[in-house]
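Protein chains get the first letters and strands the later ones, always in sequence-line order, with residue 1 at the start of each.
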Amino acid sequence: TVGAVAIDKDGNIAVATSTGGITGKLPGRIGDTPLLGSGTYADSRFAGVSTTGHGETIMKAVLAHDIVKRLEFTSDDVQTATEKACKAMTDHLIGTAGAIVIDKKGEVGIAFTSKKMSWAYQKGDKIAYGINQGDFTEETI
Amino acid sequence: ITPIVLVHGGAGDIPEERVPGKIRGVKLATKLGYKKLQETGNVLDAVEEAVRSMELDENFNAGYGSVLTTEGNVEMEASIMHGTTMKAGCCSFVKDIMHPISVARRVMEKTVHNYLAGDGVMEFARNEGFEILYPPGQLVTDFARQALEEWKEAHKRGEVGFARTEIGAKNKYANETETKQYGEVG
């Protein structure tokens, strides 16, 4: 699965997610990616989220919507909300996943309970990226 | 607010040999998405551009490089949403189209619906001028084909299924009890 979240100078947020699914899926299987609230969700009042990982688990957790609602109803910052939502999902449903988030202030949240998740973002002339837990490399373009 | 484009290229048990390609791909996607945002000022253009970049890249499970069904076919899905207008477009069972994300955007912009699937989305895409690749199967990569063969062998041995939540019951954070992945998860 691949996904992207963007915010402009006025605080407009958009999200896009695309996937081939899971190897060996039955023909006709639908995953989390096209389901609003699971694989993709955007509400510029709070945040935009794209998720990736075990679709059957993400669908049951409604992960993208969960993250946005945590930002709406708790005082957690975006990184904390993203980590808590992914952790809660895996604690309850075992399956693993990750999410990328930009909140209304333009802050970034990146978390995953899977072994790896490749991610990158550009802000001004800086690009940050990583793939393993704890990775953070920043380069100037 | 400082504009940002943030991307992911999938999560899971990514083999080390796939890591460099993933890193290259997400950095490129971010740059292209950010460039598009600067050019048009439109966040939808930015996220679509970033995703299109990864749909072209066989290092990712989307577009060219998508994983395979049990029958060896590519069936893709995509969604796009604007957080200010709350407009959205989604699609499933997209076949032989390089950029499902652009189909999803067109669903958002050209229909009164949120979600099209199956024969309907293919007819819609055809009518909207999307190229349907012919002959079928051009999005299938050797990596995806090999992953499916490995999955089938493991499935025969009863080592894989869709019940990862049960198989990996001891696993809280993707540690050693997680089941082996074949290809990539969604």
Most chain B-contacting option - heavy-atom pairs closer than 4.5 Å, from [options]:
| options | answer |
| --- | --- |
| A/Ile13, A/Ile102, A/Ile141 | A/Ile13 |
| A/Ala6, A/Gly31, A/Ala47, A/Gly130 | A/Ala6 |
| A/Val108, A/Val68, A/Asp10, A/Thr40 | A/Thr40 |
| A/Thr137, A/Ile110, A/Asn132, A/Ile131 | A/Ile131 |
| A/Ala42, A/Pro34, A/Ser44 | A/Pro34 |
| A/Gly39, A/Gly28, A/Ala128 | A/Gly28 |

Carefully, step by step, assess A/Leu36 and B/Cys90 under the rule side-chain contact (heavy atoms from CB on, under 4.5 Å). CA-CA 8 Å; A/Leu36 300 176; B/Cys90 311; 3.7 Å; yes
Expected output: side-chain [X] to main-chain [Y] donor-acceptor under 3.5 Å:
| X | Y | answer |
| --- | --- | --- |
| B/Asn61 | A/Gly21 | yes |
| A/Tyr129 | B/Arg24 | no |
| B/Thr84 | A/Asn12 | no |
| B/Glu75 | A/Gly20 | no |
| A/Thr52 | B/Ala11 | yes |

Give a yes or no on whether [X] atom [atom1] has more than 12 heavy-atom contacts from other residues, nucleotides or ligands under 6.0 Å away.
| X | atom1 | answer |
| --- | --- | --- |
| B/Glu123 | CD | no |
| A/Asp125 | CG | yes |
| B/Lys87 | NZ | no |

I'd like to verify something: which residue of [options] has the highest number of heavy-atom pairs under 4.5 Å with chain A?
| options | answer |
| --- | --- |
| B/Glu48, B/His99, B/Arg105, B/Lys31 | B/Lys31 |
| B/Thr30, B/Ile80, B/Leu44, B/Val47 | B/Val47 |
| B/Gly41, B/Ala62, B/Ser66, B/Gly89 | B/Ala62 |
| B/Asn114, B/Ile101, B/Ile4, B/Thr2 | B/Ile4 |
| B/Met81, B/Glu49, B/Gln38 | B/Met81 |
| B/Met86, B/Met76, B/Lys27, B/His82 | B/Lys27 |

Report yes if some heavy atom in the side chain of [X] is under 4.5 Å from a heavy atom in the side chain of [Y]; otherwise report no.
| X | Y | value |
| --- | --- | --- |
| B/Phe60 | A/Thr19 | no |
| A/Ser50 | B/His8 | yes |
| A/Pro27 | B/Thr70 | yes |
| B/Tyr115 | A/Leu35 | yes |
| A/Thr17 | B/Val51 | no |
| A/Lys116 | B/Glu16 | yes |

Is [X] close to chain A through its backbone or its side chain, or both, or neither, when contacts mean heavy atoms under 4.5 Å?
| X | value |
| --- | --- |
| B/Leu68 | backbone |
| B/Ser92 | side chain |
| B/Asn73 | neither |
| B/Ile23 | side chain |

Working to the nearest 0.5 Å, report the span between [atom1] of [X] and [atom2] of [Y].
| X | Y | atom1 | atom2 | result |
| --- | --- | --- | --- | --- |
| A/Lys25 | B/Glu71 | NZ | CD | 12.0 Å |
| A/Ser114 | B/Asp13 | OG | CG | 9.5 Å |
| B/Leu6 | A/Gln122 | CG | CD | 12.0 Å |
| B/Ile1 | A/Lys105 | CD1 | NZ | 10.5 Å |

Path from [X] to [Y] over hydrophobic side-chain contacts below 4.5 Å:
| X | Y | answer |
| --- | --- | --- |
| A/Trp119 | A/Val15 | yes |
| B/Phe93 | B/Phe124 | no |
| B/Val67 | A/Met59 | no |
| B/Tyr134 | B/Val74 | no |
| A/Val5 | B/Met54 | no |

Is chain B contacted by the side chain of [X], its backbone, both, or neither, given a heavy-atom distance below 4.5 Å?
| X | answer |
| --- | --- |
| A/Ile30 | both |
| A/Val101 | backbone |
| A/Tyr41 | both |

Considering all heavy atoms of both residues, which atom of B/Val7 and which atom of A/Ala4 are nearest to each other, and what is their separation?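 Reported closest heavy-atom pair: CG1-CB, 4.0 Å.
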Can B/Val5 and A/Ile7 be said to form a side-chain contact (heavy atoms from CB on, under 4.5 Å), step by step? CA-CA 7 Å; B/Val5 175; A/Ile7 189 169; over 6 Å; no
How about residues 77-85 of chain A versus chain B: which residues have heavy atoms under 4.5 Å apart?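 None at all.
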